[in-house]
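Bear in mind the structure is a predicted one, so any value in this text is a computation, not a measurement.
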Amino acid sequence: NRADQCRPLALPSSHDRRCTNFKPGPLNGGRPIGFRKGVGMSALAIVRGDDSVTIASDGAGYEAGTGILMTHVSKVEMMPECSCIFASRGMGGASAAMHNAFRQLSARGAQIVTFDDVLDLFPELASELFREASATKAEGADEPHFSFMIGGFSEDRERYESYTLRTRPFSALDATGKFIDWPPYSLIPLPDIHLAPSPTLESAAKVGITRPQELQSGYEIHPQHYALKAVAACRLDREQDEVEGTAGIHFVGGMLQMTTVQREAVFSQVVHRLPDPIGEPIDPSRGQLLPQFLQPQKSPDTEIPI
């Protein structure tokens, strides 16, 4: 039962073996967190397999409201020492700031050596990040919002796990198919496949995948290929999330990046560069949507072969 993935977690007390008398300090050395005002972040996919967890992401940092590309950036952080990877969507720089916070705690003597240690600290550190970002946001800017996808191998439970954590309330399906309302900063256990956002049905078909909500029982996918194609499909869509951008703009660009964690290894690779010029709106008609090895097959079957 994957529902037991999620349990109340807080910053460990002084009696915890992993961390003694540590509280999160300034997460970015007291400096403002994030990119310039109005930069949005785009699409992520996390897929859990039998022996790994993969996060696929793009590399666009764009101006919310216009879709003008402002930077190329990796949105994924790797902690191989903890068998952990995580990525963020929303406020630019959130993943990097979180990784910096873990490094600061480790430098001060905190024992952060497993995926479970990371999970124990994540909610409180994310809450502190939000407080700092709110306190340092530019005048007139909207309240910051971000979400994380987290994957890794739990030594405590001896299995691969994946979660999302958000700065706002979120409704998600549990293992029984019922919706649960989660408060902010909850570690929400994820199914094998989670897309943020999910591509439209038409866009998914164009890259040769079936969306999670349409997959039948007994399906088989290639986790890395599926995740990459899901993010690429979102390049064809327009932004619908009013929190992270204005409707009507394309929001996936720069590159397609694949990051995979196994129990004893973490690796990341840019598998495809997207020809999106800095200073111009993202245009999905530029270049090939997918690298050659991921081009859809001519077969009508939309499942991805192993």
Side-chain angles (χ1 to χ4, degrees), residues 33-47 54-78 85-99 144-149 151 194-200 203-204 206-207 209 224-241 243-260 266-295:
I33 296 171
F35 296 118
R36 289 172 287 176
K37 176 183 175 182
V39 175
M41 303 295 275
S42 35
L44 300 173
I46 185 167
V47 181
T54 292
I55 295 176
S57 54
D58 74 313
Y62 63 90
E63 184 179 45
T66 68
I68 293 174
L69 191 66
M70 300 175 72
T71 186
H72 292 176
V73 61
S74 173
K75 301 164 190 181
V76 187
E77 295 294 320
M78 299 181 289
I85 58 176
F86 60 90
S88 62
R89 186 171 184 256
M91 182 189 78
S95 282
M98 282 293 287
H99 199 178
H145 169 61
F146 47 88
S147 59
F148 290 99
M149 290 186 187
H194 181 73
L195 312 180
S198 182
T200 63
S203 296
K206 286 182 177 179
V207 299
I209 64 169
Q224 288 89 354
H225 292 186
Y226 185 98
L228 288 165
K229 286 189 171 187
V231 171
C234 290
R235 180 170 169 84
L236 302 173
D237 297 335
R238 293 183 181 271
E239 181 64 80
Q240 299 298 319
D241 188 342
V243 173
E244 296 179 357
T246 301
I249 62 173
H250 292 287
F251 56 94
V252 171
M255 63 188 182
L256 294 179
Q257 182 177 358
M258 178 187 73
T259 305
T260 297
V266 174
F267 57 90
S268 189
Q269 180 182 6
V270 174
V271 302
H272 188 47
R273 297 284 183 181
L274 297 163
D276 298 309
I278 300 294
E280 296 184 21
I282 295 171
D283 181 354
S285 68
R286 290 190 176 112
Q288 293 293 321
L289 185 62
L290 292 166
Q292 189 61 41
F293 74 93
L294 286 182
Q295 293 295 332

Heavy atoms of Pro144 and Met91 approach each other most closely as CB-SD, 3.9 Å

Thr259 (side chain) donor-acceptor with Ser268 (main chain) under 3.5 angstrom: no

When rounded to the nearest 0.5 Å, the distance separating CG of Leu195 from SG of Cys234 is 7.0 Å

Using atom types as modelled and distance alone, determine if a side-chain donor or acceptor of Asp237 lies under 3.5 Å from a backbone N or O of Thr200. yes

Kindly indicate whether the side chain of His250, heavy atoms from C-beta on, has any atom under 4.5 Å from the side chain of Arg238. yes

Compare every heavy atom of Ala233 with every heavy atom of Ser203, then report the nearest pair and how far apart it is. CB-O, 3.4 Å

Going from CD1 on Ile278 to CE on Met70, what distance comes out if it is rounded to the nearest 0.5 angstrom? 9.5 Å

Between Thr54 (side chain) and Val47 (backbone), is there a donor-acceptor pair under 3.5 Å? no

Could you tell me if the side chain of Glu77 sits less than 4.5 Å from the side chain of Met98, heavy atoms only? no

Point-to-point distance, once rounded to the nearest 0.5 Å, from CG of Asp58 to CG of Leu274: 8.0 Å

With side chain to side chain contact (heavy atoms under 4.5 Å, CB included) as the criterion, how do Arg235 and Ile282 come out once you've worked through the C-alpha distance, each side chain's angles and the decisive distance to 0.1 Å? CA-CA 9 Å; Arg235 180 170 169 84; Ile282 295 171; 3.7 Å; yes

Going from OG on Ser57 to CZ on Arg89, what distance comes out if it is rounded to the nearest 0.5 angstrom? 12.5 Å

What I'd like to find out is whether the side chain of Ser95 reaches to under 4.5 Å of the side chain of Lys75, using heavy atoms alone. no

Quick one: closest heavy-atom pair of Gly253 and Asp276, and the distance? CA-OD2, 3.2 Å

Whether Phe251 and Tyr62 hold their rings parallel, tilted or perpendicular, with breakpoints at 30° and 60°: tilted

Considering non-hydrogen atoms only, spot the tightest contact between Ala227 and Ala45 and give its length. O-CB, 3.7 Å

Under the criterion side chain to side chain contact (heavy atoms under 4.5 Å, CB included), I'd like the reasoning laid out for Glu280 against Arg286: C-alpha separation, chi angles, the key distance, then a yes or no. CA-CA 12 Å; Glu280 296 184 21; Arg286 290 190 176 112; 2.5 Å; yes

Donor-acceptor under 3.5 Å (Thr71 side chain, Val73 main chain): no

Atom CZ of Arg273: over 12 foreign heavy atoms under 6.0 Å: no

Starting at CG of Leu44, measure out to CZ of Phe148 and round the result to the nearest 0.5 Å. 11.0 Å

Show your working on side chain to side chain contact (heavy atoms under 4.5 Å, CB included) between Gln295 and Gln288 and close with a plain yes or no. CA-CA 9 Å; Gln295 293 295 332; Gln288 293 293 321; 3.7 Å; yes

Using the side chain to side chain contact (heavy atoms under 4.5 Å, CB included) rule, pick out the option among Val271, Leu228, Val207 that qualifies with Leu290. Val207

Hey, could you give me the NZ/CG distance between Lys229 and Leu256, rounded to the nearest 0.5 Å? 12.0 Å

His272 versus Leu289, closest heavy-atom pair with distance: CD2-O, 3.7 Å

Show your working on side chain to side chain contact (heavy atoms under 4.5 Å, CB included) between Phe267 and Met78 and close with a plain yes or no. CA-CA 8 Å; Phe267 57 90; Met78 299 181 289; over 6 Å; no

Non-hydrogen atoms of Phe293 and His225 that approach each other most closely: CE1-NE2, 3.9 Å

